[in-house]
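Taking it in order: structure first as structure tokens, then the write-up.
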Amino acid sequence: MDRSLQSSPAQEVDRMPPARAVAVVGAGAAGLVAARELLREGHAVTVFERSDRVGGTWAYDPRADETDPLGAAVHGSLYASLRTNLPRELMGFSGHESLVGRVFAGDPRTFPGHQEVLAFLRAFAEESGVARRVRLRAEVVRAAPPLGRGGESGERWSVAWRGEDGEVAVEAFDAVVVCNGHCTVPLVPKLPGIGKWRGKQMHSHNYRIPEPFRDQIVVVVGLGASGIDIAREISQVTKEVHIASRQNEHRLGKISIDPYLNVWMHAEVDCIQEDGQVRFAEGAAVAADVILYCTGYRYHFPFLDLDELTVDDENRVGPLYKHVFPPKYAPNLSFVGLPVKTILFQSFELEAKWVARVLSGRAALPSEEGMLDAVREHYRRMEESGRPRRHTHALMPEWVEYMDWLAEQVGERRLEARRRDIYERALQRVWSLDGGYRDSCEDEEKGSGDSKV
Ligand SMILES: Cc1cc2nc3c(=O)[nH]c(=O)nc-3n(C[C@H](O)[C@H](O)[C@H](O)COP(=O)(O)OP(=O)(O)OC[C@H]3O[C@@H](n4cnc5c(N)ncnc54)[C@H](O)[C@@H]3O)c2cc1C
């Protein structure tokens, strides 16, 4: 058992109970690092992965949902040309050769293509020993606590999983860590008057290449990292692109930055008019061919049917203590990888360390009521500051506090100021709409002779 973890947090308990048998659902970045941390803590780990490879989202899948462009028939949401929106330095795991200083798939760029991240994750799985614990083509179809509860000692969770042959087997585990990914099921806003729309609709989940949009007029709804990338890419072949977003109020009208030749910014979509045109909140209207939703994803746990854990219409998973433990089922059910708007890989790793330590008894949780109080307090503070429910798991602006809080639980140092700066600068670059930010950043580095961003 690896005892090399750093000094203990205040609530660490002294006695180490026996290792637990833990099922991890999913072998994406979150599941892989969760498995590594559980192994390091001495647990017996089985990772269930329904696809035929590790890497999750980063295993690019050229297929899309052919029958329903708003559907989620495949897991992956990457487009062919995708490069990371965070510099590679922020996409590694500690203690392992990270993406810095090492090239995995022949792409040494600061913002590499998706193949490089996948190759890194594969190497990480092999070198950390996690790969041996992964069962491929093994889909968890149900995870349930006996007698409906997961907290009491001696109880075991039953995990039903379907193998390649279609047979379902059931195995018992002390604990289940859910890492099934949250970028698959499209979140599609219901636009007022959408019944009058006669054109095509698609979600970015099913976007792969620009060619199908040639000579079309496209309304892109949403201005996240994917929305910006996709709008820029399709603008090279479309007749016009119209981006609708709440964040556009200060920059309405035609964009005059290279390479946006035919792109307009609008406020959010107001409605679909009687004549089928898309009307925007500032009053403009456009007769478009396609509405392309870049509006994010829904949390989805089809294998969990628990009476005190829900995903509501506003995409709030709750109640969840610190986005990880559902109080009623803690510590034997946990989630790694729910929060967004943070350095994701680092956040996965810290959450994973916390779960591993809680399961071994080296960190303690508050009582069920104490955790519920903390969740209620989180919701109350969100409401007080006017943050919508749909942002429950979006950590901005308190993302550093969250990372530091987790670090404290597992005896690690607070987030380095340098990493915080790199992340915040990367976000600003994305929002700047500068199409060449990835390469100009690279050039800046070369110019400064610095190997890091
Ligand atoms: C377009 C796009 C661009 C992105 N760019 C970046 C970026 O630049 N930087 C960054 O840090 N992040 C980025 N992300 C976020 C990305 O989601 C995370 O980096 C990370 O891949 C999430 O890892 P995960 O393990 O939580 O989920 P996933 O990678 O989705 O992995 C989940 C795994 O669980 C498996 N699974 C699901 N259900 C079951 C089941 N029932 N049984 C067994 N297995 C199951 C899936 O097959 C999958 O392998 C991007 C996401 C998208 C969609």
Side-chain angles (χ1 to χ4, degrees), residues 23-35 46-61 72 74-93 99 110-114 116-118 120-122 124-125 134-143 159-163 168 176-187 203-208 222 224-230 233 294 296-297 299-304 335-349 351-352 393 423 426-427 429-430 438:
V24 174
V25 184
L32 294 175
V33 76
T46 305
V47 183
F48 292 92
E49 168 52 53
R50 70 178 171 189
S51 76
D52 60 0
R53 49 190 175 168
V54 303
T57 293
W58 294 99
Y60 171 70
D61 189 338
V74 297
H75 182 82
S77 299
L78 297 192
Y79 26 99
S81 66
L82 184 131
R83 289 173 65 183
T84 65
N85 50 52
L86 293 183
R88 60 195 297 138
E89 183 179 358
L90 298 187
M91 295 185 62
F93 298 122
L99 279 146
T110 303
F111 295 84
H114 53 80
E116 181 73 9
V117 183
L118 178 63
F120 160 69
L121 290 172
R122 279 188 176 148
F124 173 75
V134 180
R135 281 188 209 163
L136 296 174
R137 300 179 203 87
E139 178 181 13
V140 171
V141 291
R142 188 163 155 75
V159 172
W161 62 280
R162 187 184 295 117
V168 174
V176 175
V177 182
V178 177
C179 307
N180 65 324
H182 313 300
C183 293
T184 294
V185 180
L187 189 59
H203 189 275
S204 57
H205 170 65
N206 288 309
Y207 174 80
R208 297 292 181 271
S226 296
I228 295 172
D229 266 356
I230 294 173
E233 181 165 272
C294 298
Y297 296 90
Y299 294 103
H300 188 54
F301 309 101
F303 48 87
L304 289 175
F335 294 77
V336 170
L338 260 62
V340 293
K341 298 280 160 63
T342 181
I343 305 174
L344 290 179
F345 279 34
Q346 192 171 354
S347 169
F348 298 165
E349 180 169 340
E351 289 177 347
H393 306 290
Y423 178 68
L427 282 192
R429 285 185 172 120
V430 172
R438 293 176 173 98

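Start at 1 and go down the list; that is how both ligands and their atoms are numbered.
- Here H75 contributes atom NE2 and S51 contributes atom OG; the two are 8.0 Å apart, rounded to the nearest 0.5 Å.
- More than 12 heavy atoms of other residues, nucleotides or ligands lie within 6.0 Å of CZ in R135, so this atom counts as buried by the packing criterion.
- Contacts of L82 with ligand 1, taken as heavy-atom pairs under 4.0 Å, involve the side chain alone.
- Residue-ligand proximity, L78 to ligand 1, at heavy-atom distances under 4.0 Å covers atoms 1 (C), 2 (C).
- Here the straight-line distance linking atom SG of C183 with atom CG of L78 works out to 9.0 Å at 0.5 Å rounding.
- Ionic pairing of R438 and D229 is present here: one or more N-O contacts between side-chain nitrogen and carboxylate oxygen are shorter than 4.0 angstrom.
- Less than 6.0 angstrom separates the ring centroid of H203 from the ring centroid of Y297.
- Across the listed options N180, T57, T342, V47, T57 owns the non-hydrogen atom lying nearest to atom 28 (P) of ligand 1.
- By the 30° and 60° cut-offs, the orientation of the rings of F124 relative to F93 is tilted.
- The nearest protein atom to atom 49 (O) of ligand 1, hydrogens excluded, is given as E49 OE1, 2.6 Å; this is a heavy-atom distance.
- With E139 contributing its side chain and V141 its backbone, the two residues share no donor-acceptor pair below 3.5 Å.
- Neither the backbone nor the side chain of P302 has any atom closer than 4.0 Å to an atom of ligand 1 (non-hydrogen atoms only).
- For atom 25 (O) of ligand 1, the closest non-hydrogen atom of the protein is A30 N, 2.9 Å.
- Using a 4.5 Å heavy-atom cutoff, the side chains of T84 and W58 are in contact.
- Annotation: atom 30 (O) of ligand 1 to nearest protein heavy atom, H75 NE2, 2.7 Å.
- Protein heavy atom nearest atom 44 (N) of ligand 1, with residue, atom name and distance: R50 N, 3.1 Å.
- Atom 12 (N) of ligand 1 has as its closest protein heavy atom L344 CD1, 3.6 Å.
- Taking a 4.0 Å cut-off on heavy atoms, A59 fails to register as neighbouring ligand 1.
- Here CG of L121 is found 5.0 Å from CZ of F345. Values are rounded to the nearest 0.5 Å.
- Taking CZ of R162 as the start and CZ of R137 as the end, the distance is 15.5 Å to the nearest 0.5 Å.
- Below 4.0 Å from some heavy atom of T84 lie the following atoms of ligand 1, by number and element: 8 (O).
- Of the protein's non-hydrogen atoms, V140 N, 2.9 Å is the one closest to atom 42 (N) of ligand 1.
- Listed by atom number, the atoms of ligand 1 under 4.0 Å from F303 heavy atoms are 41 (N).
- Within the listing of ligand 1, atoms 43 (C), 44 (N) sit less than 4.0 angstrom from a heavy atom of F48.
- Contacts between T184 and ligand 1 below 4.0 angstrom, taking non-hydrogen atoms only, are absent altogether.
- Each of the following atoms of ligand 1 lies closer than 4.0 Å to a heavy atom of S226: 1 (C).
- Considering OH of Y423 and CG of L90, their distance stands at 9.0 Å, rounded to 0.5 Å.
- Between N206 atom CG and R208 atom CZ the span is 6.0 Å, to the nearest 0.5 Å.
- Of all atoms in ligand 1, numbered sequentially from 1 with element shown, those under 4.0 Å from a heavy atom of C183 are 17 (O), 53 (C).
- Under the 3.5 Å distance criterion, the side-chain polar atoms of S347 are left unmatched by any main-chain donor or acceptor of T342.
- In this structure, Y299 has its ring center under 6.0 Å from that of H182.
- Closest to atom 10 (C) of ligand 1, if we only count protein heavy atoms, is M91 CE, 3.6 Å.
- Proximity to G181 (heavy-atom distance under 4.0 Å) selects the following atoms of ligand 1: 26 (O), 27 (O), 28 (P), 30 (O), 32 (C).
- The single protein non-hydrogen atom nearest to atom 50 (C) of ligand 1 is W58 CZ2, 4.3 Å, given as residue, atom name and distance.
- Near S77, with a cut-off below 4.0 Å to any heavy atom, the atoms of ligand 1 are 1 (C), 53 (C).
- Residue F348 places a heavy atom under 4.0 Å from ligand 1.
- For the ligand labelled ligand 1, residue G337 lies outside the 4.0 Å heavy-atom shell.
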